[in-house]
Each structure stands twice: as structure tokens, then as C-alpha cells.
Amino acid sequence: MTLQMSWVTLLWSMNAAACLTLAVVNLIVWLNARNEWGHLLFFAAAASASTIAILELLGMHAGSILEFSNLLRWAHVPYCVLIVSIVWFARIFMGAGRIWLAWTITGLRTVALLPNFLATYNLNYGQVTALKHIRLLGEDITIIEGKLNPWMSLGQLSSLLLLAYLLDASRTIWRRGEKRRALFFGGSLILFTLFAALDVVLVQMNVLQLPYMVSFAFFGIIVVMAYELSRDVIRASRLSRELRATEAGLRETQQRLSLAADAAHLGIWVRDLKKDEIWASENWRDLFGFTHTEELIFERILERMHPEDRAIFNQNFTKAISSDGHYETEYRLILPNGQMRWISSRGRVETNGGGAPKLLRGISVDITDRKRAELEVAQQRNELTHLTRVTMLGELSGSIAHELNQPLTAILCNAKAIGHLLDQERIDLGEIREALKDIVAEDKRAGEVIHRLRLLLTKGEVQFQPVDLNEIVEEVLKLVRVDLGRHGVTAQTELPPGLPKIDADRVHLQQVVLNLVLNAADAMANNPADSRALIVRTGHLKDEGLFLSVTDDGIGIAPEQLEKVFEPFYTTKSHGMGLGLSVCRTIVAAHGGKLLATNNPTRGATFRFVLPFVREVRA
Amino acid sequence: MTHRYGRFVSFLNVPISNESICLVDDDVSVLRGLSRLLRSVGLVNQIFSSPIQFIEYAKSHRVPVAVLDINMPEMNGLEVFKWLRSASMNSRVIFITGMNNPEAQATAIAQGAIAVFPKPCTDEAFLETIRAALADSRKYQE
């Protein structure tokens, strides 16, 4: 036999070579990534396809029936490997196909090898009758004729099952939404499988006077599989490119963040509670007055904190652990050089599974300037509050004089009476003693008036302490009663007894009530003499707080002015600066409430505010 | 007759039980002081810290002289005075006030009050005015 270089030899050899090349490439891939089973299965399939092509070519040039038959017998081995590889490729790589079908096909194919090797000839032929020579593409080739082996139905059954399996797998892929893949991968495989099966049947039944050309069907299958695999490779490389881009982006973001942190003078720190280690950025070290190389120990940091603020710091920290882990706190630092610095610190506590704190991260920032400004504003506000209070008391000079005049009158009466009693023949010591007792009591009363006035007149620091709201109302009404009376205004009260005490600044609250009462009286200045009553009410709003309202029967407020009245320098009076209500609102806000004005359904207006039990601490 | 009621009362020799000077002021301390002062000079008096109570009293008693505070929460002195006149009580009325309120003072005088004294009203003129008013009231009654 001379091997002629012809089309047949060329086509089959190229087929075998191409499959082998793809097989080797994928074997290398798999060797480098052992968990990529798709590549190993592909290698097995492609190597088998290559082998089948070679066996087919050899068969075409077989010299005897026996030679041909043996080649065919051996071709069943790669054939079996190829089918099984396709099945598991679909299963593992494409994630489709029924597992029981996959096993059935694998089993059938393997079992089919038995009759193949036990038979006289092979699985295909029970008896070979003749060796025939035909011409194909200008070349003399060998084909055989014979009787079919009944066991061949095993192979045909497995081919049918393979078709069913691929159909089902394609349907799954389609339903998954990968329609292109279902059509291309499933469709091609089904077509090529059909082609291979038909080829075998037609050749064996001598319908076609042609050699076996199954290897070309398999070549098609290999190409389709290779295509799917390569798409995967492309996708992987795109992903890795994207990942690289993301990484670069992250690095960039990180750099930008730390730049921003530096620019904003943010100090960043991390405290590892487990290792008892603290790391802090250079900015942070500058803020807290540590050198860039100094070891950071928590106790030493705590020492830098203002002693008054350490408790609050610890409180906030403990609260953070027990709640959502976020904390925010402001404290003062005393730097080694004695300088004071305000720090705002916010951070997060990371806990382990059991809830025990593990790691703390946070940022600290210098807020000294802001604090100074806030302090200045608070001071100015306090001064303004005081100024308006003093102005208001000035308007009340009549009342104040009266308040002092009453005890003074009583004292003088008693003193004069004592003088007269002493002039009498029989001195009534009992009466004198009573008079002296009254003098002492009245002196005390005058002293209290002066004390109250001094409290209202002096400019003190804001002091929150538990106060009785009703008591405050009564004191104010006592102070203004005479002035109100002079304007024909009567003050009624609805003060339910037993209100809980509330944290407030007594003087400031008195100022608010005083201001509201005087405004109410002013609003009724033009009312008929018998309808000038104002009502002061207080009450308890369940869990919320206490309310206070002052209702007048005056002209009311134009709807568009209801908010305007709280603006500074807004006034309807000929006297006054128009600061009263604006200051009142500020005071109420500092107590966590809001002073609001509404018009009554009938006549006049009501000013009302709520003092919450839980006061939001204002920064 | 005890000396406590003073020479004046004993001199006039009139029953004092229904002839008391009435002091009306919402401030009890001031009332106690005034009452003691008047007693110390023999002026018998009744004290009322509420104008309403006083009016109730006046409905059934003769009130020769009433000393009324102008500024009182329930009813001011001028209104009490108005009631006294409307009830044609022949009471002599003297006002006292802790406030400098010329308008009210002018009104009081215009309506026939004898005098308005600013607090603290403890001097001899005040007492003298009361004595004179009391005498005048008795003379009128006779």
C-alpha cells in the first residue's frame, strides 16, 4: 500500500491534526487550572475525535477484512470516550442535562464496548462479507460489506439517548435565558450527532457507498465545544481586566480619600482591642500632640483628655457598643504645652460574633474654632436675653415698686404702732411682740422680692435644674399682677397640680412667661374693659413633656404674620425693640421645644410651647 | 370700755360694735399692719382682704369710714367706691395705693373720695384724715 497524497488523506489528516492541536492546548490549560474540568473533558473529546479520524483514514486504506474490522473495533474506544466527554461537558461546563440520563448514556456506551470486543468482528458487524474498493475524490479507498451485529442496537440506543439528553440540556439553557448558547451549542451538537448516527446507519446498511465520515461530525462538535470554551476564556480575561481597572480605581479612591482627609485635617485612627494596639495617621498624631514615631497607648491618650470630658467619652463609647456601634463625641484635649483643643470624634465599633468589641475605627477633627464661635454666639445670645429681660423689667417698674411697697408699708405700720403702744400707760407687750413678729416676716418678704428681682436682673450662666412650671407661672403673675390690673387685664390660670418637675433654666423660663403675659395684655389694650382676660395654662403631655400656653382675647395675628412675629425687630408696639419673642423662641429652643403662635377659633391668639422631658442636646 | 379703743372713741361715747372703720386691701400683711397702727391710736377697725366680703359686710352694717386699696385683683377700690355710693351708703372713703397712678387718683377724688394716700401711709396726716372722716361721719349721722 502506498500512501498517496490526495484529498482524502489531506482532509482526514487535517481533521485529526486540528482536533489534536485543540486537545493539546486544552490539556495544557487544564494542567494549569486543575479545577477547570471543562478543559479536561474537551481534551478527552478532541483527542478521541482526532483518533477516530486517524482510524477512519487507516480503514480506508485497509488491506484486509480483518484489518478493517479491527480498526473499527478499536474505533469504539475513542467513540465511547468522545460521547461520554460530550455528555459530561454539557453537564459540568454548561450546567445542563439530566444527571440520570448522563449516567445512563455513560453506562450504555461503556457496556457496548463488551460485545464490541467479544464479537468475532466488532459491534457493528456480525459478519463481514466483502471488502470493496471505490474511488473517492480521485483516490482508491476500501469499504466493507457485511451483516449487522444485533448488539449494535445498544450503540444506536445510546445515540438516541444522547439526542434526547442534548435536547433537554438545550431547553434548560434556553430557559435560563442564554438563548444564543442554547441554539448554537445545543443545536449544533444535535445536528452533528444526528449526522454521525445517520452516517453510521447509512454506511452500514450500504445505502451509501462511502467510507465512515463520523470524524467530520465530531470535528464539528469539537469546534462548537472549543468555541464555547474560548468564549469563557474571553469572558474571564475581560473580567480580570475589569477587576484590574476596579482595583486601580480603588487605589485611586483611597489615595484621593487620604488626600481629602489630610486637606480637611482629619486624623484617622484604628484601635485593635484584641492586640491592644493603636494606629493613627500623622495628622491625628499632630492633633493629639504625639510625635510621628511615639508608641500610642490608650491610657496616655486618655490622659490628654480634659478630666471633665473623660466620663462623657467613656459613656458615649459604652453606648456605641450596646447600640449600633456608631459613636460620636466631642471633648477637649489638654496638649503637653498646656494648649486646649476641642476635638470631634466619630467612629465605629466592630464586634466579633459574640458582640464583644474587637476593633474601633474613627476620625478625629479639630473643632476648636467652631467651639469658640459657638461659645461666642452663646455668650451674645445670653447677653441679648439678659438685655431684653432687663428692658422688660424696666417696663414693670410700677409692679416692682408695688411689690416692694407692700412689705415696706406693713413694716412701717407695725413700727409706728409699736411707737404708739409704748406711749400708752399700760404697755401691751403681747401686741408689741406680735407687731415685731410681723415686721420680721415682712422684712423677709421684701428680701425675697429683691432676691427674685436680682436673679432676673443679673446676667448669669444658663443653669438647668429641676423646676416646677406652675410655680414659675405663679411667680411671674405675682410680679405683673399690679401692672395688669392697671391696664384692666385679669390673669386666669389653669394649672393642674402635681406636674412633674422638669429640667430648665428658671430665670429664662420666667422671662418667657413674663414676655408672653405682657404681650397678651398689650394685645387686649383696646378691648372693652370687661373683656381683657388672659389665660395661662400648663399641662402634662404623657411621655412627651410639659406644655405651657398663654391665651389672650385680643385682636389676634394676621395669618401671614404668625411666623414673622418671632423674627428679631418685629414689633407692633410703639415701645420695645421687637426682640422679645425672638429671644423667647431661642430660650424655648435651648430647652428642646418650639414656641408657636396660633389664632384662637373665636378671638385672640395663643402662644404655646412644649418642654420635652428628654432634651436633645444641642451641639 | 378698754383703753384700747382710745380716747377718741370713749370721748364720742358711741357704741363701737357697728361703727368700725373698714380696711380693705388684698394684701393681708398690709392689712394687719394698718389695723394694728389704727388700733394703737384707738381707732376701732375691721379688716377685709376681699372687696366682695367687704360689700357683704356693708350690706348689713354701717360703714362710717372705708380705707380702700385701689389695686385689688377681684375688684378694684374705685369699683367698691362706686358700689358704696350706688347703695347710698354715707361712708367716707379714703384710698390708699402702692402705685403711682395719677389717673386713678384723680378719678377717685373726682368721685368724692376724701383723699388718696400713697403707700407706705403711716404718717400723722393719714391718721388725722381718718379721725376727721370718722368725726364727719358721726356729725352727719347726728
Side-chain angles (χ1 to χ4, degrees), chain A residues 396-428 430-446 449 477-478 480-493 529-530 533, chain B residues 2-8 10 23 25-43 45 47 49 51 67 69-79 82 96-105 107 117-128 130-131:
Chain A
L396 283 176
S397 58
S399 281
I400 293 165
H402 182 265
E403 276 291 288
L404 274 174
N405 236 336
Q406 295 292 89
L408 287 181
T409 304
I411 289 170
L412 215 52
C413 286
N414 281 302
K416 287 253 165 114
I418 291 170
H420 292 299
L421 288 169
L422 286 174
D423 282 344
Q424 281 161 8
E425 296 148 21
R426 270 181 59 194
I427 295 172
D428 186 344
E431 183 74 356
I432 291 175
R433 201 171 288 123
E434 284 295 307
L436 282 170
K437 224 159 83 186
D438 281 1
I439 287 175
V440 172
E442 287 312 292
D443 194 271
K444 231 181 230 162
R445 175 178 163 199
V449 172
L477 289 182
K478 213 192 279 178
V480 296
R481 189 178 59 79
V482 175
D483 260 86
L484 294 185
R486 200 164 56 173
H487 293 109
V489 173
T490 53
Q492 296 164 9
T493 52
D530 58 346
Chain B
T2 67
H3 74 277
R4 183 181 280 197
Y5 299 112
R7 272 158 291 166
F8 241 89
S10 56
L23 306 178
D25 194 321
D26 61 307
D27 192 313
V28 181
S29 308
V30 172
L31 268 184
R32 280 163 62 93
L34 277 177
S35 173
R36 184 171 285 127
L37 175 64
L38 264 60
R39 275 202 316 271
S40 74
V41 293
L43 292 170
N45 58 77
I47 56 174
S49 63
V67 178
D69 185 21
I70 294 183
N71 300 103
M72 289 183 289
E74 282 176 331
M75 188 178 183
N76 73 38
L78 294 173
E79 285 167 334
K82 213 193 250 170
I96 55 174
T97 177
M99 295 189 63
N100 182 24
N101 188 349
E103 202 184 311
Q105 292 171 19
T107 314
F117 285 94
K119 290 180 190 171
C121 41
T122 56
D123 52 3
E124 207 44 48
F126 175 61
L127 294 175
E128 206 49 59
I130 294 176
R131 285 190 193 108

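Letters go in sequence order (proteins before strands), and every chain restarts at 1. As a basis for the values below, the full set of heavy atoms in this structure was taken, side chains included, without hydrogen atoms, waters or symmetry mates. Everything quoted here is computed from the prediction, not taken from an experiment.
- Between atom NE2 of residue A:H402 and atom CD1 of residue B:I70 there is a gap of 10.0 Å, rounded to the nearest 0.5 Å.
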How far apart are the C-alpha atoms of A:Q406 and B:D25, what are their side-chain angles, what is the distance that settles it, and do they pass the side chain to side chain contact (heavy atoms under 4.5 Å, CB included) test?
-> CA-CA 10 Å; A:Q406 295 292 89; B:D25 194 321; 4.0 Å; yes
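- Between chain B and the options A:G419, A:C413, A:A491, the largest number of non-hydrogen pairs under 4.5 Å is found for A:C413.
- Within 6.0 Å of CD on B:E103 lie no more than 12 heavy atoms contributed by other residues, nucleotides or ligands.
- The CG atom of A:L412 sits 9.0 Å away from the CG atom of B:D123 when rounded to the nearest 0.5 Å.
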Decide side chain to side chain contact (heavy atoms under 4.5 Å, CB included) for A:D438 and B:R36; before the verdict, give the C-alpha distance in whole Å, the side-chain angles of both, and the deciding distance to 0.1 Å.
-> CA-CA 11 Å; A:D438 281 1; B:R36 184 171 285 127; 3.0 Å; yes
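- Proximity to chain B involves both the backbone and the side chain of A:E434, based on heavy atoms less than 4.5 angstrom apart.
- Between A:D428 and B:R39, no side-chain nitrogen of the basic residue sits less than 4.0 Å from a carboxylate oxygen of the acidic one, so the salt-bridge criterion is not met.
- Contact tally against chain B (heavy-atom pairs below 4.5 Å) for A:L404, A:L408, A:T409: the top residue is A:T409.
- The two residues B:S29 and A:A410 come nearest to each other via the heavy atoms O-CB, 3.6 Å.
- Between A:N405 and B:P120 the shortest heavy-atom distance is OD1-CD, 3.4 Å.
- Proximity to chain A is limited to the side chain of B:L127, based on heavy atoms less than 4.5 angstrom apart.
- For the pair A:Q424 (side chain) and B:S40 (backbone), a donor-acceptor distance under 3.5 Å is present.
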